[in-house]
Colleague: 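After the structure tokens below, expect a handful of questions from me.
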Amino acid sequence: MNSTVTTTVDERSDTQRRGGRVAPTGGLRRRPGRRGAGLVGRGALALVLTLGAAVMLVPFVWLVRSALMTDNQIFVAPPEWWPKPFAWNNFTESLTAQPFGLYLLNTMIIEFFVVSGTVLTCAISAFSFARLRWRGRNVVFALLLTSVMLPYAVTLIPTFVMWSEMEALNTFLPLTVPAWFAGAGGGVFNIFLMRQFFLTIPFELDEAAYIDGATPWRVFWMIIMPLSKPVLVVVVIFTFIGVWNDFLGPLLYLGDQDKFTLALGLASFQSNYTAQWGYLMAASTVVILPIILLFFLLQRYFVEGVTLTGIKS
């Protein structure tokens, strides 16, 4: 045993004398200057991000403080950032001035059908483009992407005339049915996003399932969908926010106030109470809160889905 150790030490000494290289036994040390520059860079980046976040939060802070002020305090010069006193009655009176409960119910009905239809049909389309092989697949996908450049205003009048001929105006059909056809025009981005994510899943999983006798439909439901939770959450968030903030669609197709959505109801509230800015700000704060909560609850999946999209495995 001792002879073996002595031989190894001697061989290392001979290697050093002959100018050979020996693997270092200690860890690598960073230069003090480079380490300090890295800390300064990270500190500067954190400072820039903090300032940017503060600038982005100013409109939201202004909205909340105005919701807690009277009309005389909102536009006082110089502006006051702290309500004196807090006008909590703005929330109760604004929410009872209009049937926001009914508007919320109408919005959630549309959300359910649009989100479910968009996620299902866009996922099926993306699976076809990413995992199945058929002639002309890439050409069709390229043509599909070119439709993104088509302005929404170009198809606005023909679409309205079509639904009018079908006697579907003043119903939820024009707002929900297109979602079951791969999200119509707005679903192209979702198809692209899902396709890029599906490409990151190893194809060996599909091949193993096909060897066991699985069909493409079974592969889609049992393999692809369970592994695609991050991108599905991203599509859900985008679709939910789009429907929640949609104003033009309900404005075109809904004429009965009992079928108004939150966005349309908020606009009518503004026209009816143009002088009551405190009520308007309070109602706007309540309407925007679910979107903020949704993002904070699902932000981990949101960041993961956007980060992994397009990264090959």
Side-chain angles (χ1 to χ4, degrees), residues 56 60 100 103-131 141 144-145 147-148 152 172-201 205 216-250 253 261-266 284-311 313:
M56 295 296 106
F60 180 73
F100 278 96
Y103 298 160
L104 176 62
L105 177 61
N106 296 335
T107 304
M108 295 309 298
I109 292 175
I110 298 175
E111 289 278 10
F112 173 77
F113 288 103
V114 173
V115 171
S116 56
T118 299
V119 172
L120 179 60
T121 56
C122 289
I124 294 175
S125 302
F127 176 79
S128 176
F129 287 119
R131 315 297 292 193
F141 184 70
L144 184 67
L145 291 181
S147 65
V148 178
Y152 176 70
F172 293 154
L173 293 179
L175 303 175
T176 56
V177 171
W180 292 89
F181 293 89
V188 176
F189 173 75
N190 296 328
I191 294 175
F192 172 78
L193 196 67
M194 288 186 174
R195 174 186 178 272
Q196 297 304 110
F197 189 91
F198 290 169
L199 290 174
T200 64
I201 301 175
L205 299 176
W217 187 252
R218 187 174 181 84
V219 171
F220 171 74
W221 279 111
M222 304 302 295
I223 296 177
I224 301 301
M225 292 298 281
L227 295 177
S228 305
K229 184 184 297 184
V231 72
L232 294 178
V233 172
V234 172
V235 173
V236 167
I237 293 176
F238 284 162
T239 307
F240 187 91
I241 294 177
V243 175
W244 191 270
N245 295 330
D246 186 19
F247 174 76
L248 183 58
Y253 298 112
T261 60
L262 284 173
L264 198 57
L266 193 62
S284 302
T285 303
V286 174
V287 170
I288 202 176
L289 280 180
I291 300 297
I292 299 176
L293 295 177
L294 177 68
F295 178 77
F296 276 107
L297 291 176
L298 303 177
Q299 61 176 332
R300 180 171 66 89
Y301 298 101
F302 177 80
V303 175
E304 183 179 356
V306 174
T307 303
L308 296 181
T309 299
I311 301 178
S313 58

Colleague: Go through the steps for Leu248 and Tyr152 under the test side-chain contact (heavy atoms from CB on, under 4.5 Å), then give the verdict.
Modeller: CA-CA 11 Å; Leu248 183 58; Tyr152 176 70; 3.6 Å; yes
Colleague: Taking all atoms of both residues into account, what is the closest heavy-atom pair of Pro226 and Trp221, and its distance?
Modeller: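 Scanning both residues, the minimum pair turns out to be CD-O, 3.2 Å.
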Colleague: Give the ring-plane orientation class for Phe192 versus Phe141, where under 30° counts as parallel, over 60° as perpendicular and anything between as tilted.
Modeller: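 Geometry flag for Phe141 against Phe192: parallel rings.
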Colleague: Give a yes or no on whether Leu144 atom CG has more than 12 heavy-atom contacts from other residues, nucleotides or ligands under 6.0 Å away.
Modeller: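 Check passes, neighbour count above 12.
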Colleague: Considering non-hydrogen atoms only, spot the tightest contact between Gly187 and Cys122 and give its length.
Modeller: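 Looking at all heavy atoms of both residues, the closest pair is O-SG, 3.7 Å.
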Colleague: Write down the atom of Glu111, the atom of Thr239, and the distance for their closest heavy-atom approach.
Modeller: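 That closest heavy-atom pairing would be OE1-O, 4.3 Å.
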Colleague: side-chain contact (heavy atoms from CB on, under 4.5 Å), that's the test. Do Ile110 and Asp246 meet it? Break it down for me.
Modeller: CA-CA 11 Å; Ile110 298 175; Asp246 186 19; over 6 Å; no
Colleague: To the nearest 0.5 Å, tell me how far Leu262 CG sits from Phe247 CZ.
Modeller: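 Atom-to-atom, Leu262:CG and Phe247:CZ are 13.0 Å apart.
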Colleague: Working to the nearest 0.5 Å, report the span between CD1 of Ile201 and CZ of Phe127.
Modeller: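 Answer for the CD1-CZ pair, Ile201 versus Phe127, is 9.5 Å.
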Colleague: Ignoring hydrogens, what is the shortest heavy-atom contact between Thr176 and Phe172? Give both atom names and the distance.
Modeller: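 Between these two residues, the closest heavy atoms are OG1-O, 2.8 Å.
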Colleague: Could you tell me the separation between the CG atom of Leu227 and the NZ atom of Lys229, rounded to the nearest 0.5 Å?
Modeller: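 These two atoms lie 10.5 Å from each other.
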Colleague: Is there a side-chain contact between Val243 and Phe112, using heavy atoms and a 4.5 Å cut-off?
Modeller: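 Of all side-chain heavy-atom pairs linking Phe112 with Val243, none is under 4.5 Å.
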Colleague: What heavy-atom pair brings Thr121 and Gly117 nearest, and what distance separates the two atoms?
Modeller: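 For Thr121 versus Gly117, the nearest heavy atoms are OG1-O, 2.6 Å.
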Colleague: Give me the atom names and distance for the closest heavy-atom approach of Ile224 to Arg131.
Modeller: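 Scanning both residues completely, I find the closest heavy atoms to be CD1-NE, 3.8 Å.
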Colleague: Would you check, one step at a time, whether the test side-chain contact (heavy atoms from CB on, under 4.5 Å) holds for Trp180 with Leu120?
Modeller: CA-CA 8 Å; Trp180 292 89; Leu120 179 60; 3.9 Å; yes
Colleague: Would you say Ser125's side chain and Ile191's backbone share a donor-acceptor pair under 3.5 angstrom?
Modeller: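 No: the side chain of Ser125 does not pair with the backbone of Ile191.
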Colleague: Would you compute the distance between atom CD1 of Ile288 and atom CG of Leu293 and round it to the nearest 0.5 angstrom?
Modeller: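 Atom-to-atom, Ile288:CD1 and Leu293:CG are 11.0 Å apart.
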Colleague: Report the C-alpha distance between Trp244 and Val287 in whole Å, list the side-chain angles of each, state the deciding distance to 0.1 Å, and finish with yes or no for side-chain contact (heavy atoms from CB on, under 4.5 Å).
Modeller: CA-CA 9 Å; Trp244 191 270; Val287 170; 3.6 Å; yes
Colleague: If you round to the nearest 0.5 Å, how far is CD1 of Ile109 from CG of Leu175?
Modeller: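 The CG atom of Leu175 sits 12.0 Å away from the CD1 atom of Ile109.
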Colleague: Please find out if less than 6.0 Å separates the ring center of Tyr103 from that of Phe100.
Modeller: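 They qualify: ring centres under 6.0 Å apart.
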